[in-house]
Protein chains: 2
Amino acid sequence: MNQVSQTSCGISKVMSQLGGKWKFLIIWRIHQNEGIRFNQLQRDTNGITNVMLNRCLKELTQDGFVLRKDFHSVPPHVEYYLTKQGKSFIKIMETMNDWGENNL
Amino acid sequence: MNQVSQTSCGISKVMSQLGGKWKFLIIWRIHQNEGIRFNQLQRDTNGITNVMLNRCLKELTQDGFVLRKDFHSVPPHVEYYLTKQGKSFIKIMETMNDWGENNL
DNA sequence: ATTTACAGTAACAAAAAGATTAGTACTTGC
DNA sequence: GCAAGTACTAATCTTTTTGTTACTGTAAAT
């Protein structure tokens with residue numbers, strides 16, 4: 001999704017998986033409401049389209065940040081959670097969120 | 001430089017000023033070598049062009065993350081530093097860098 | 001019977017970000 | 001005298017990212 005050279009430092013690695021307009025925000029929203037469903041997540045995420053949300057969720061799931069729990073029901077019912085890895089990133093996001101509120 | 005809605009949370013605010021391919025990395029490099037000069041910074045920053053470096057530095061300076069010290073000499077001599085605000089963000093980047101190295 | 005909600009998907013268009021090329025003016029080293 | 005280094009800048013082009021539109025099938029609510 002975004003092209004930061006992956007070979008160098010941890011910062012680059014993080015940016016290559018979580019860079020872009022939405023992913024930090026999506027992780028943050030799922031954290032605030034574990035088990036959230038697709039449409040609710042879209043409503044909560046300030047202006048994102050279903051297409052972008054879908055793409056990001058797919059990538060975040062593939063990259064091991066997000067867990068997709070499908071109830072295989074009709075009409076569909078799918079819930080999103082953070083994985084262990086996703087959760088382990090939350091401390092950083094909390095710090096970053098506080099920093100952003102206080103410094104920007 | 002990048003369009004994340006600014007109204008919501010700290011995360012969004014951070015992303016709107018530091019999002020994109022290079023800014024985290026540039027801040028990180030200046031931190032590792034305070035007083036670094038333009039061309040050296042370009043060499044250290046893995047594949048960035050002078051145009052992008054210049055744009056990012058301009059924006060980071062305007063946004064108060066980076067200090068540009070011009071010696072007004074010929075040939076030009078300019079050094080880049082982190083501002084107090086820039087430095088205050090470093091703790092987060094250190095955590096993020098470690099996290100990236102260990103988890104990705 | 002029509003609308004709404006669920007969770008998407010494909011094809012395409014637009015916008016943003018990034019890269020390329022060429023050039024500024026001056027100096028030191030070869 | 002020529003190349004290389006200093007720190008950029010403008011204009012243009014390409015690539016990447018994001019957004020738009022239209023659509024799927026089922027069920028519950030109005």
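Each chain gets a letter, A, B and so on, in the order its sequence line appears, and its residues count up from 1.
One finds the CG atom of B:Leu57 at 7.5 Å from the CD1 atom of B:Ile48 (value rounded to the nearest 0.5 Å).
Remark on DNA chain C: of its neighbouring residues B:Gly47 and A:Arg68, the 5'-side contact belongs to A:Arg68, judged by nearest-heavy-atom nucleotide. Between B:Asn50 and A:Val51, the residue whose closest nucleotide on DNA chain D is further toward the 5' end is B:Asn50.
A donor-acceptor pair under 3.5 Å is formed between the side chain of A:Thr83 and the backbone N or O of A:Gly64. Counting only distance, with no hydrogens or angles, the side chain of A:Asp70 and the backbone of A:Val78 share no donor-acceptor pair below 3.5 Å. Side chain of B:Arg68 to main chain of B:Thr61: no donor-acceptor pair is present (N/O by atom type, distance under 3.5 Å, no hydrogens or angles). Here the side chain of A:Glu79 pairs no donor or acceptor atom with the backbone of A:Lys69 at under 3.5 angstrom.
In this structure, the nucleotide among C:dT9, D:dA7, D:dT6 sitting nearest to the side chain of A:Lys58 is C:dT9. Each of D:dT6, C:dG18, D:dC8 was ranked by its minimum atom distance to the side chain of B:Trp22; first place goes to C:dG18.
No N or O donor and acceptor, one from the side chain of A:Arg55 and one from the base of C:dG8, sit under 3.5 Å apart.
Note: CZ (A:Phe71) to C1' (C:dA5) measures 17 Å, nearest angstrom. In this structure, the CE atom of A:Met15 is 17 Å from the C1' atom of C:dG18, given to the nearest Å. In this structure, B:Gln40 places its CD atom 14 Å from P of D:dC8, rounding to the nearest Å. A straight line from CE of B:Met52 to C1' of D:dT15 spans 12 Å, rounded to a whole angstrom. Going from atom CG of A:Leu41 over to atom C1' of C:dG8 covers 13 Å, rounded to whole Å. Taking atom CZ of residue B:Arg43 and atom P of nucleotide D:dA7, one finds them 8 Å apart after rounding to whole Å. Atom-to-atom, CG of B:Leu53 to P of D:dA10 comes out at 16 Å; the value is rounded to the nearest Å. Distance A:His72 NE2 to D:dT26 P: 17 Å, rounded to the nearest Å.
None of B:Leu41, B:Asp44, B:Ile90 except one satisfies the side chain to side chain contact (heavy atoms under 4.5 Å, CB included) rule with B:Ile30; the exception is B:Leu41.
OP1 or OP2 of C:dG8 has not a single side-chain nitrogen or oxygen of A:Asn54 nearer than 4.0 Å. Remark: A:Asn39 is in phosphate contact with C:dC6, judged by side-chain N or O atoms under 4.0 Å from OP1 or OP2. For C:dA16, neither phosphate oxygen OP1 nor OP2 lies less than 4.0 angstrom from any side-chain nitrogen or oxygen of A:Lys21. Put simply, B:Arg37 has a side-chain N or O that comes within less than 4.0 Å of OP1 or OP2 on D:dA7.
Ring geometry for A:Tyr80 against A:Phe38 counts as tilted: the plane angle lies between 30° and 60°, on a 0 to 90° scale.
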Study note, to complete from the structure: Its contact letters, B for base, S for sugar-phosphate only and - for none at protein heavy atoms under 4.0 Å, make nucleotides 24-30 of chain C read --BS---
